[in-house]
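First up is the structure itself, then whatever we jot down about it.
In what follows, chains are A, B, ... by sequence order, proteins preceding strands, each numbered from 1.
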Amino acid sequence: MHALLEELGSAASAALVQSFGAEGIPASLVFEPSPRADAQCNAAMQLARGLKRPPRDLAVAIVGAVASHPAVAKAEVAGAGFVNVTLRDEWLAAHVDDALALRPVGAGQTVVLDYSSPNVAKPMHIGHIRSTILGEAMKRVMRAVGYTVVADNHLGDWGTQFGKLIVAWHRYLDRAAYERDPVGELLRIYVKYSDEEKAQKLALGAPVKEADDDDAPLPAQAPELLLAARAELVKLQAGDPENVALWKQFVDVSMAEFERTYKRLGVSFDEVLGESFYNDMLAATVDELLEKGIAEHSQGAVVVTFTKERDGEAMPPMLVRKADGGFLYGTSDIAAMRYRMGRWSPSRILIVTDERQQLHFRQLFAVARRLGVPAKLEHVWFGLMRLPEGTFSTRDGNVIALESLLDEAEQRAEAVARSLNADLPDAEVKEVARVVGLGSVKYNDLSKDRTTLVTFTWDKALSLQGNTAPYLQYAYARIRSIQRKVAELGAVPGPVGALEPAERALVLALLKFPLAVEDVARTARPHALCDYLYELAGAFSTFYNELPVKDAEPAVRAARLTLCERVATVLRRGLDLLGIEVVERM
RNA sequence: GCGCCCGUAGCUCAAUGGAUAGAGCAUCGGACUUCGGAUCCGAGGGUUAGAGGUUCGACCCCUCUCGGGCGCGCCA
């Protein structure tokens, strides 16, 4: 499909150049599928002004150029100057196999993909799933088009919270509870610490903000707890053996739990380089920024400032070293960027986080420009997930654990699977429930534009009808069922010939697969692939309802078997790119 | 106070400069005595928050207003 669209585009361009001169005419005009035509070109209207010709004159020339192409059945001018191309059925039938032909547009290029990045000592909750699922899909899609992808889990394993956690460990730990559920107990003592610290602040008469105010400007007297936490943090950062051992234990027990979740989700990374990994590089990073005049001293701290003239937009300053000599996450992000450039020389770095960090990354990228970083840096941000009653916070405890979500999804899918498949063995029902449940949760996140703010409700997140993973998985399972039945008759796939309308629509949908995959690799919007697969599955469902396969004439049956096989392959492949599995029966 | 993001059918979402704004859910009405009904076909439902502007053409780009979310020097 790509090749054809480009051939049409070049032919159209050449014709315009011949008739109207080369001035202002691109080397290839854009042809793309549209709801009104197999391929459509809008260039005539765009070029009309520059060429001082009526758009329809240009459109007529374009029609003349493409009408003789062997793939084209009909080309015509419509409306203000649209060129609508209808492809020959013979050409479509002969190119069914092109559906699987992804072009290696990323070959020879490396991409660093930073996603998931949960915080140590806190269980993953439903807010973490978007980064993980989006990032995993991007990893698979970019690999499919030839990129070398470095999937890096930038773990939140360093910083002020560990001083607090160490204090909480000494004062509040319930050993037995820790043995049973390490991360759960770490969360409990962390929340307890936060409550106690807040109480101390109130007792000191300090104004307490609603959330995340741990290190707001100190009142005249700092709470005793906070002072203790800072002392422990200093010890940790200075390499105190006891605190380092504790910290390492926190990381290890958290990582073990994360690994279980990742395994369940089918997510994997090439690197797990957390913030702590960059700790030793921070001092040198700040020195370099100072030497190059990118950073400056201000009120005892070191900051980078941003002006409209130099950076394209004015932004608040970015702190890279605190007055007490400590570093911040901006510092470690700059160090991480330098490290990634040095180690992998990527052409793109994609960082998948929620929308709250937009300012931070605009600042980071501005620093990168001043440092002369050649890679294309992309903040792949997504809308916050919230509950109907508002945003959730680990500290307030109003979170839904990721594991609970997955459990519930599987249970709901199992109930449906059992009611519809009384005859399936129990083990298979469980497997169907797992694949369908996980698929519906993932697809729910992937199928919306990532900038959408999601309000979580169980029924929406776990819907099994309409534009959902089970719809796609069901289409796949039906094809497999047909194939089993037909195999008993000894029928095999054969060449595709004349096309009924429903078959034609199906072939056209098949051929758009590479377009959808490339679009996702380019724009980091996996929902475009979901939309595509939904369209394909819809075209199949219509075909399935209208046209028999098993009971068709042998030649027709063979052709339809070929179509079924290609649709099944694209569905399975497309879902795999999204990180979603299929089952043979459901 | 300054800034960023979002606003599309009752609800959840597509359409990222192209023609008459499309799906699902919900509602209503249909479908082959079934290659599997987690399906298919159809109906109703829209001033794309509002007002200006740019363009041959605007949900999309620009300006302002309204509404919601979020961020803004010593957390990450």
Side-chain angles (χ1 to χ4, degrees), chain A residues 34-36 40 42 45-46 48-49 54-55 78-82 84 117 119 156 158-161 212-217 275 298-303 305 313-330 332-333 354-360 362 381 383-384 386 390-391 413 416-417 419-421 436 444 447-449 451-455 457 459-460 463-468 470-471 473-475 477-479 481-486 489 523 525 527-528 530-531 534-535 537-538 540-552 557 560 564 585-586:
Chain A
S34 105
R36 299 190 171 233
Q40 181 177 82
N42 308 319
M45 291 167 292
Q46 290 156 18
R49 173 181 289 256
F82 298 93
N84 287 334
S117 311
N119 285 325
W158 201 244
T160 312
Q161 57 179 336
D212 291 324
D213 60 343
D214 312 301
D215 293 285
E275 290 164 26
S298 167
Q299 300 172 26
V302 177
V303 304
T305 59
E313 61 177 327
M315 290 181 279
M318 178 191 211
L319 231 71
V320 294
R321 192 169 74 199
K322 298 191 278 187
D324 67 5
F327 301 104
L328 297 107
Y329 83 131
S332 68
D333 274 359
D354 75 54
E355 61 184 318
R356 289 176 301 188
Q357 302 205 35
Q358 285 181 97
L359 174 61
H360 168 70
R362 281 209 304 276
W381 63 268
L384 229 41
R386 34 182 287 129
T391 48
V416 175
S419 71
L420 296 175
N421 300 282
V436 170
N444 180 251
S447 61
K448 302 182 208 319
D449 186 298
T451 63
T452 305
L453 184 151
V454 173
T455 299
T457 63
D459 284 342
K460 277 183 234 148
S463 167
L464 304 173
Q465 290 167 345
N467 187 2
T468 63
Y471 180 81
Q473 292 165 323
Y474 182 64
R478 275 172 143 182
I479 295 172
S481 174
I482 292 174
Q483 290 174 325
R484 282 190 300 270
K485 291 233 155 57
V486 170
L489 305 175
T523 62
R525 299 179 315 152
H527 83 278
C530 295
D531 277 1
Y534 182 61
E535 181 192 329
F540 170 76
S541 294
T542 300
F543 158 84
Y544 176 90
N545 248 265
E546 289 182 9
L547 303 170
V549 177
K550 180 165 68 77
D551 299 327
R557 180 173 64 195
R560 288 180 183 164
C564 285
R585 297 188 285 183
M586 60 186 278

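Among A/Asp354, A/Thr452, A/Thr455, the one residue that satisfies the side-chain contact (heavy atoms from CB on, under 4.5 Å) test with A/Leu384 is A/Asp354.
With hydrogens and angles disregarded, no donor-acceptor distance shorter than 3.5 Å links the side chain of A/Asn467 to the backbone of A/Asp531. Between the A/Ser332 side chain and the A/Tyr329 main chain, a donor and an acceptor come within less than 3.5 Å of each other. Side-chain atoms of A/Arg585 never come within 3.5 Å of backbone atoms of A/Ser481 as a donor-acceptor pair (strictly under, hydrogens ignored). Using modelled atom types, no side-chain atom of A/Glu355 and backbone atom of A/Thr451 make a donor-acceptor pair closer than 3.5 Å.
Of all heavy-atom pairs spanning A/Gly330 and A/His360, the tightest one is CA-CE1, 3.6 Å. In terms of heavy atoms, A/Ala475 sits closest to A/Ala537 at CB-CB, 4.1 Å. For the pair A/Ser419 and A/Val416, the tightest heavy-atom approach, listed with the atom from each and the gap, is OG-O, 2.9 Å. The minimum heavy-atom distance linking A/Leu328 with A/Arg321 is given by the pair CD1-N, 4.0 Å.
Atoms CG (A/Asp354) and P (B/A76) sit 16 Å apart, rounded to a whole Å. Here B/G68 presents its C1' atom at 8 Å from CZ of A/Arg386, a figure rounded to the nearest Å. Summarising the geometry, the separation between CH2 on A/Trp158 and P on B/C75 is reported as 15 Å, rounded to the nearest angstrom. The CZ-C1' distance, from A/Arg356 to B/G3, rounds to 17 Å in whole Å. Whole-Å rounding puts the A/Glu275 CD to B/C75 C1' distance at 11 Å. With rounding to whole Å, A/Leu319 atom CG is found 16 Å from B/G71 atom C1'. Look at CE on A/Met586: it is 14 Å from P on B/G36, rounded to the nearest Å. The interatomic distance linking A/Glu355 (CD) with B/G68 (C1') rounds to 11 Å, in whole Å.
The same atom, P, is picked in B/G50 and in B/A21; the two are 16 Å apart, to the nearest Å. Rounded to a whole angstrom, the distance from the C1' atom of B/A15 to that of B/G22 is 7 Å. Taking atom C1' in both B/C4 and B/G44, one finds a spacing of 40 Å when rounded to whole Å. Between B/U63 and B/C11, the two P atoms lie 29 Å apart (nearest whole Å). Between the P atoms of B/C60 and B/C2, the separation comes to 25 Å (whole Å). B/U27 and B/C61: their C1' atoms are spaced 38 Å apart (whole Å). Atom name P, nucleotides B/U12 and B/G71: the rounded distance is 22 Å, in whole Å. Spacing of P atoms, B/C72 relative to B/G53, comes out at 38 Å, to the nearest Å.
The 5' end of RNA chain B is approached more closely, in terms of each residue's nearest nucleotide, by A/Pro35 than by the other of A/Gly156 and A/Pro35. For the pair A/Ala477 and A/Trp381, nearest-nucleotide mapping onto RNA chain B gives the more 5' position to A/Trp381.
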TODO: With pairs defined as Watson-Crick or G-U wobble and both distances under 3.5 angstrom, please note down RNA chain B as a dot-bracket string, | for pairing with another strand.
DONE: (((((((..((((....[...)))).(((((.......))))).....(((((..]....))))))))))))....

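Residue A/Leu547 is in base contact, counting any heavy-atom pair closer than 4.0 Å across all strands shown. Residue contacts shown for A/Ala552 are absent, as no nucleic acid heavy atom lies under 4.0 Å away. Residue contacts for A/Gln299: at a heavy-atom cut-off of 4.0 Å it reaches a base atom on one of the strands shown. Counting any heavy atom pair closer than 4.0 Å across all strands shown, A/Val436 reaches a base atom. Looking at heavy-atom distances under 4.0 Å, A/Arg585 makes contact with a base. Heavy atoms of A/Asp333 sit nowhere under 4.0 angstrom from any nucleic acid atom. Residue A/Ala417 is in base contact, counting any heavy-atom pair closer than 4.0 Å across all strands shown.
Each of B/C70, B/G73, B/U12 was ranked by its minimum atom distance to the side chain of A/Leu384; first place goes to B/C70. Residue A/Ala323 places its side chain closer to B/C74 than to any other of B/C74, B/C11, B/G36. Of the candidate nucleotides B/C75, B/U12, B/G36, B/C75 has the atom lying nearest to any side-chain atom of A/Thr160.
Annotation: cation-pi geometry satisfied between A/Arg478 and A/Tyr544 (NZ/CZ under 6.0 angstrom from ring centroid, within 45° of ring axis).
The side-chain heavy atoms of A/Arg557 and A/Leu489, taken from C-beta on, include a pair separated by under 4.5 Å.
Taking only side-chain nitrogens and oxygens, A/Lys322 comes nearer than 4.0 Å to OP1 or OP2 of B/C75.
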Task: Annotated protein contacts, base or backbone, on nucleotides 13-18 of chain B with a non-hydrogen cut-off under 4.0 Å, one of B, S, - each - done: SSSB-B

What nitrogen or oxygen pairs link the protein and nucleotides 39-41 of chain B at under 3.5 Å?
{"unit_1": "B/U39", "atom_1": "O2'", "unit_2": "A/Arg478", "atom_2": "NH1", "d": "3.0"}
{"unit_1": "B/U39", "atom_1": "O2'", "unit_2": "A/Arg478", "atom_2": "NH2", "d": "3.4"}
{"unit_1": "B/C40", "atom_1": "OP1", "unit_2": "A/Tyr471", "atom_2": "OH", "d": "2.3"}
{"unit_1": "B/C40", "atom_1": "O4'", "unit_2": "A/Asn545", "atom_2": "ND2", "d": "3.2"}
{"unit_1": "B/C41", "atom_1": "OP1", "unit_2": "A/Thr542", "atom_2": "OG1", "d": "3.0"}

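The aromatic rings of A/Tyr534 and A/Tyr471 sit tilted, their planes meeting at an angle between 30° and 60°.
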- [ ] Could you give me the CA-CA distance, side-chain angles and deciding distance for A/Ser541 and A/Tyr474, then say whether side-chain contact (heavy atoms from CB on, under 4.5 Å) is met?
- [x] CA-CA 10 Å; A/Ser541 294; A/Tyr474 182 64; over 6 Å; no

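Donor-acceptor pairing under 3.5 Å, judged by distance alone, is absent between the side chain of A/Asn421 and the base of B/A38.
Going from atom CE of A/Met586 over to atom CD of A/Gln473 covers 5.5 Å, rounded to the nearest 0.5 Å.
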